[in-house]
Structure formats: structure tokens, C-alpha cells
Amino acid sequence: EDKVVQSPLSLVVHEGDTVTLNCSYEVTNFRSLLWYKQEKKAPTFLFMLTSSGIEKKSGRLSSILDKKELSSILNITATQTGDSAIYLCAVGYGGATNKLIFGTGTLLAVQP
Amino acid sequence: GAVVSQHPSRVICKSGTSVKIECRSLDFQATTMFWYRQFPKQSLMLMATSNEGSKATYEQGVEKDKFLINHASLTLSTLTVTSAHPEDSSFYICSATEFGGRSSYEQYFGPGTRLTVT
């Protein structure tokens, strides 16, 4: 059965800390791995990764995919209270339609 | 760009009634729309995939007669929860992929609909 697992499930840090969120997957016909940030409502897109070893960056956030280890990490440096959210990892897999399977998410709380 | 809206944002209904949720892509044409359900402190679970003009494809365990999906145009999909029961109370989120977009895996999410069945 295809699955996406994220760790840790939750994390509490202080402003200014650096955090690393993990995502591992076992998905048949892997096509891409995506990271989303979910605050109170729907998820907002952060990154999509398709190639192993190429880091994607956006401000204080960065992510990299390791296809050999079937995993990805999301790094957030110099965390701010506005980074508090659930971070979701999703894997796109092949087939007739381009579906995503989501992980359980990591709840990040950044304290002042 | 790539904005998806949902209506209503919140609905409370009595057990046994039906509720319709609309999902619209506002500034793009959506090749495919997806419907998810999210229970508290859990991740998004895909319910069904819909393509304009064809029948929706439901995930295993999702009753198609209970969750009716209509995808009438490239910008509108509706989910109707028929004969709703308290266990159907959940957060329903739709997403869409853009026709001709940079990636068919990049889904744009609506703001979600909180359904409470009393």
C-alpha cells in the first residue's frame, strides 16, 4: 500500500531556531514530491521536487529530495511565529490521473 | 493567479438533508478537480477525482451515491453530500490542476468548507 510518512508529528521551537521536517514515502510510480503549508484553511503550495539532490529555495525555506532514500526534507531557518502551521508532504504518482497522496503532516509551533 | 474558491465556507445542516458544495477555479481552466476530506488533526484524504464532462472516479471506500460529484465546466465542480449524517461532519477541500499549467501535479487548493451535521 502506498504511503507517505512525516516526522516529527509535532514540533515546538523558539523564534530564530532552524527546523528540519522529514518526509519519507513508499509510492508506486513516483512522479514528484510536493510540500504545502496549511494554516487555518487550505494548503498553500511551497515546493515541488522531481529531481534528486537539487535544492529548491524560497526565502528562509528550502527543500531537497533524495530518491535513493525515498525521502525529502524541508528546512526553515530563522523561524518566525508566522511559520507556525501544519506542513504537509504529498507525493504525486503516475496513472491516468495525477493524484497526490498526503502524509500526516507536521505541526510546527514557533514561540516568541 | 491560480485561485480556487469554495462556497459555502461553513454550513450546518440537519441529519438526513443534502448539502451542495461548489468549487470554482477563478482565473484558470481546470483540467481536473479533486475533492478531499480532512478530519481534525488528520491529513487530507482524497475522495474523488473529476474531469470536466466525465464521471468522477472515487477512491476505495467512498460511496459514490452518497457523495455526488458533478463537473459541469472547466471552472466548476460540485460535491453534494446526500442524506448527511453526523459522521459526515468534516472539512471538505477541493483542488484543481491548471490546463496547460507547468505541472499537472501542482494542485491549487480552495479554502475549504466546514460541514457540521446535527
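First the proteins, then the strands, lettered A, B, ... as listed; each starts at 1. Keep in mind it's a predicted model, so treat the numbers as computed, not measured.
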Q) Contact part of B/Q38 toward chain A, heavy-atom cut-off under 4.5 Å: side chain, backbone, both or neither? A) side chain
Q.
For the backbone of A/G105 and the side chain of B/S43, can you confirm whether one donor and one acceptor N or O come within less than 3.5 Å of each other?
A. no
Q: Say whether A/W35 and A/V19 are linked into one hydrophobic cluster, either directly or through other cluster members, by side-chain heavy-atom distances under 4.5 angstrom.
A: yes
Q. How about B/K64: does its NZ atom have over 12 heavy atoms from other parts shown lying under 6.0 Å from it?
A. no
Q) Which pair of heavy atoms, one from B/F109 and one from A/A42, lies closest together, and at what distance? A) CB-CB, 3.8 Å
Q) What part of A/Q6 lies closer than 4.5 angstrom to a heavy atom of chain B: side chain, backbone, both or neither? A) neither
(Q) So for B/I93, is it side chain, backbone, both, or neither that comes closer than 4.5 Å to the heavy atoms of chain A? (A) side chain
Q | Common cluster, A/Y93/B/M33, ILVMFWY with side-chain heavy-atom separation under 4.5 Å | A | no
(Q) Could you measure the distance from the OH atom of B/Y36 to the CG atom of A/L100? Nearest 0.5 Å is fine. (A) 4.5 Å
Q) Going from CD on B/Q107 to NZ on A/K99, what distance comes out if it is rounded to the nearest 0.5 angstrom? A) 11.0 Å
Q) Can you tell me if CD on A/E26 sees more than 12 non-hydrogen neighbours from other groups inside 6.0 Å? A) no
Q | ILVMFWY network linking A/L70 to A/V4, side-chain heavy atoms under 4.5 angstrom | A | yes
Q.
Do B/L44 and B/F91 sit in one hydrophobic cluster, given that two such residues count as connected whenever their side-chain heavy atoms are within less than 4.5 Å of each other, even indirectly?
A. yes
